[in-house]
**Q** 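I'd like to ask some things about the structure below.
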Amino acid sequence: MLEASRRWRREGLSIGLVPTMGALHAGHMSLVAKACSDNDMVVVSVFVNPIQFGPREDLERYPSSPDRDLELLTKAGVDAVYVPTAAAMYPPGASSRVRVGRVAEPLEGSLRPGHFEGVATVVAKLLNATQPDRAYFGQKDAQQVAVVKRLALDLDTGVEICVCPTVREANGLALSSRNAYLGPHERKAAASLSLSLRWAAEAYAKGEQDQSRLRRGILDILEAEPLAKVAYAELVDPETFGAPGTLAVLAVWIGKTRLIDNHDLAQPFPG
Ligand code: AMP
């Protein structure tokens, strides 16, 4: 990959990178479309990064649809699809890891130990391998966005981190590869995440600024859903991920599936 990227750079072409773990959906494709409109050349990486999964997580059964992914990316007109193997990314002896620090510590960072170290390491490697001007990430993974922005700045990458809005289904459910795990009843229950965020954005717009009442209202909606079990629901600052703030962030188990979602309450909820 590095050879092609170096050649494009020598030719003065701009490069956009969209990192993904495959099982592509309209959320991923919105990042791809933005990358295509902003850059001369677009690289999409498809790599299920083993080091960002915990030992009891879903690495083994993570959804995969390589043929369909390639078809979607070809249709979208991307210039390269980078699909490294785990053995090529982490050969015997590889031991370097990127640790981002504070912003990676709360919430996802504390409930998924090692997760952001895995994410930061693979993102640093992908940036080095593809030499992009811009890299595209979804607001859906809000803490990942904050971690990647910090990393890009702290490591002097010079890469512009572009954040694209969360793509949702008609009922508000944020698109996610993990939605494939949900049965029909669970799918309905999963709408409680976006329902609670919508309620909070509306309450905030009507003047409710009390963090604990907003949080309580979100929890009331989630806890009313029998299939949902809340891992966290917090209001944090979108850059530091410390409290207080207007970014409502959720992680909720729907049966055996862990879903995340978020919304900045200072913005109207879409749809
Ligand atoms: P993943 O394949 O889940 O690692 O996601 C790859 C990229 O797509 C990440 O930057 C995600 O934040 C982004 N993404 C995932 N779901 C959505 C969505 N519903 N809307 C926008 N971006 C998304």
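All residue numbers refer to positions in the sequence shown, counting from 1.
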**Q** Is a side-chain donor or acceptor of E71 paired with a backbone partner of L73 at a separation under 3.5 angstrom?
**A** no
**Q** Return the minimal non-hydrogen interatomic distance between V32 and A76, and the atom names on each side.
**A** CG1-CB, 4.0 Å
**Q** Can you tell if the side chain of N49 reaches within under 4.5 Å of the side chain of M89, non-hydrogen atoms only?
**A** no
**Q** Is it true that a side-chain atom of Q143 and a backbone atom of V103 form a donor plus acceptor pair closer than 3.5 Å?
**A** yes
**Q** Between K206 and E202, is there a side-chain N and carboxylate O pair less than 4.0 Å apart?
**A** no
**Q** Between D69 and A23, is there a donor-acceptor pair closer than 3.5 Å when you use the side chain of the first and the backbone of the second?
**A** yes
**Q** Compare every heavy atom of P50 with every heavy atom of A86, then report the nearest pair and how far apart it is.
**A** CB-CG, 4.1 Å
**Q** So, taking the atom named CD1 in I161 and the one named CG in L151, what distance separates them when rounded to the nearest 0.5 Å?
**A** 7.5 Å
**Q** What is the distance from atom CD1 of I254 to atom CG of L173, rounded to the nearest 0.5 Å?
**A** 9.0 Å
**Q** Can you name the residues that form a side chain to side chain donor-acceptor pair (under 3.5 Å) with E105, not counting sequence neighbours?
**A** none
**Q** State, yes or no, whether a side-chain contact exists between M29 and L72 at a heavy-atom distance under 4.5 Å.
**A** yes
**Q** Where do K229 and E223 land on the salt bridge (charged side-chain N to carboxylate O under 4.0 Å, His left out) test, with the steps shown first?
**A** CA-CA 7 Å; K229 191 165 165 287; E223 286 165 0; over 6 Å; no
**Q** State the CG-CG distance between L214 and L219, to the nearest 0.5 angstrom.
**A** 11.0 Å
**Q** Applying ring pair (Phe, Tyr, Trp, His ring centres under 6.0 Å), which residue pairs with at least one partner in residues 180-216 are found, sequence neighbours left out?
**A** none
**Q** Indicate the atoms forming the closest heavy-atom contact of V159 with A135, along with that distance.
**A** CG1-N, 3.7 Å
**Q** Would you check if the side chain of Q211 reaches a backbone N or O of G245 as a donor-acceptor pair within less than 3.5 Å?
**A** yes
**Q** Between atom CZ of F137 and atom CG of L31, what is the distance when rounded to the nearest 0.5 Å?
**A** 8.5 Å
**Q** So, the side chain of D237 versus the backbone of T240: is there a donor-acceptor pair under 3.5 Å, distance only?
**A** yes
**Q** Sequence neighbours left out, what pairs pass salt bridge (Lys or Arg N to Asp or Glu O under 4.0 Å) with at least one residue falling in residues 79-97?
**A** none
**Q** Tell me whether the guanidinium CZ or amine NZ of K125 lies under 6.0 angstrom from the six-membered ring centre of F47 and within 45° of its axis.
**A** no
**Q** Do I260 and V252 have side-chain heavy atoms sitting under 4.5 Å apart?
**A** no
**Q** Could you tell me whether the side chain of V147 reaches within less than 4.5 Å of the side chain of F241, counting heavy atoms only?
**A** no
**Q** Atom CD of residue position E11 - does it have more than 12 heavy atoms of other residues, nucleotides or ligands inside 6.0 Å?
**A** yes
**Q** Is the backbone of N171 close enough, under 3.5 Å, to the side chain of E169 for a donor and an acceptor to pair up by distance?
**A** no
**Q** Closest heavy-atom contact between L265 and A201?
**A** CD2-N, 3.7 Å
**Q** Could you see if W8 belongs to whatever hydrophobic cluster contains V44? Use Ile, Leu, Val, Met, Phe, Trp, Tyr and a side-chain cutoff under 4.5 Å.
**A** no
**Q** Keeping D210 on the side-chain end and R213 on the backbone end, is there a donor-acceptor pair under 3.5 Å?
**A** yes
**Q** Not counting sequence neighbours, list each pair that qualifies as a side chain to side chain donor-acceptor pair (under 3.5 Å) and has a residue in residues 156-166.
**A** R134-E160
**Q** Checking side-chain polar atoms at under 3.5 Å, does S14 have a donor or acceptor matched by the opposite partner on D40?
**A** yes
**Q** May I ask you to test the C162-K34 pair for a side-chain heavy-atom distance under 4.5 Å?
**A** no
**Q** Measure across S5 and I15 and return the closest heavy-atom pair with its distance rounded to 0.1 Å.
**A** O-CD1, 3.6 Å
**Q** Mind jotting down which residue pairs meet the side chain to side chain donor-acceptor pair (under 3.5 Å) criterion with at least one end in residues 256-269? Sequence neighbours excluded, please.
**A** E108-R258, Q139-N262, R168-D261, T246-D264
**Q** If only atom types and distance count, is the side chain of R198 paired as donor or acceptor with the main-chain N or O of P270 below 3.5 Å?
**A** yes
**Q** I'd like to check V43 versus V78 (side-chain heavy atoms, cut-off strictly below 4.5 Å). Are they in contact?
**A** no
**Q** Between the main-chain N or O of N128 and the side-chain N or O of Q131, is there a donor-acceptor pair closer than 3.5 Å?
**A** yes
**Q** So, do S196 and L250 sit near enough that their side-chain heavy atoms are less than 4.5 Å apart?
**A** yes
**Q** Nearest 0.5 angstrom please: Y232 OH to R215 CZ, how far?
**A** 12.5 Å
**Q** Tell me, do Y90 and I51 make a side-chain contact under 4.5 Å, heavy atoms counted?
**A** yes
**Q** Please tabulate, for the side chains in residues 112-122, all donor-acceptor contacts under 3.5 angstrom to protein atoms that are two or more places apart in sequence or on a different chain.
**A**
unit_1 : atom_1 : unit_2 : atom_2 : d
R112   : NE     : E57    : OE1    : 3.4
R112   : NE     : E57    : OE2    : 3.0
R112   : NH2    : E57    : OE1    : 2.6
H115   : ND1    : Q52    : O      : 2.9
T121   : OG1    : V98    : N      : 2.8
T121   : OG1    : E117   : O      : 2.7

**Q** How long is the gap from CZ on R150 to CZ on R102, to the nearest 0.5 Å?
**A** 11.0 Å
**Q** Would you sort out whether F269 and L197 count as a side chain to side chain contact (heavy atoms under 4.5 Å, CB included), showing the intermediate values?
**A** CA-CA 8 Å; F269 197 84; L197 294 172; 3.7 Å; yes
**Q** Any chance you could lay out the side chain to side chain contact (heavy atoms under 4.5 Å, CB included) test for R9 and D133, step after step, and finish with the verdict?
**A** CA-CA 9 Å; R9 294 201 75 84; D133 298 272; 3.4 Å; yes
**Q** Is the number of heavy atoms from other residues, nucleotides or ligands within 6.0 Å of CZ (R68) greater than 12?
**A** no
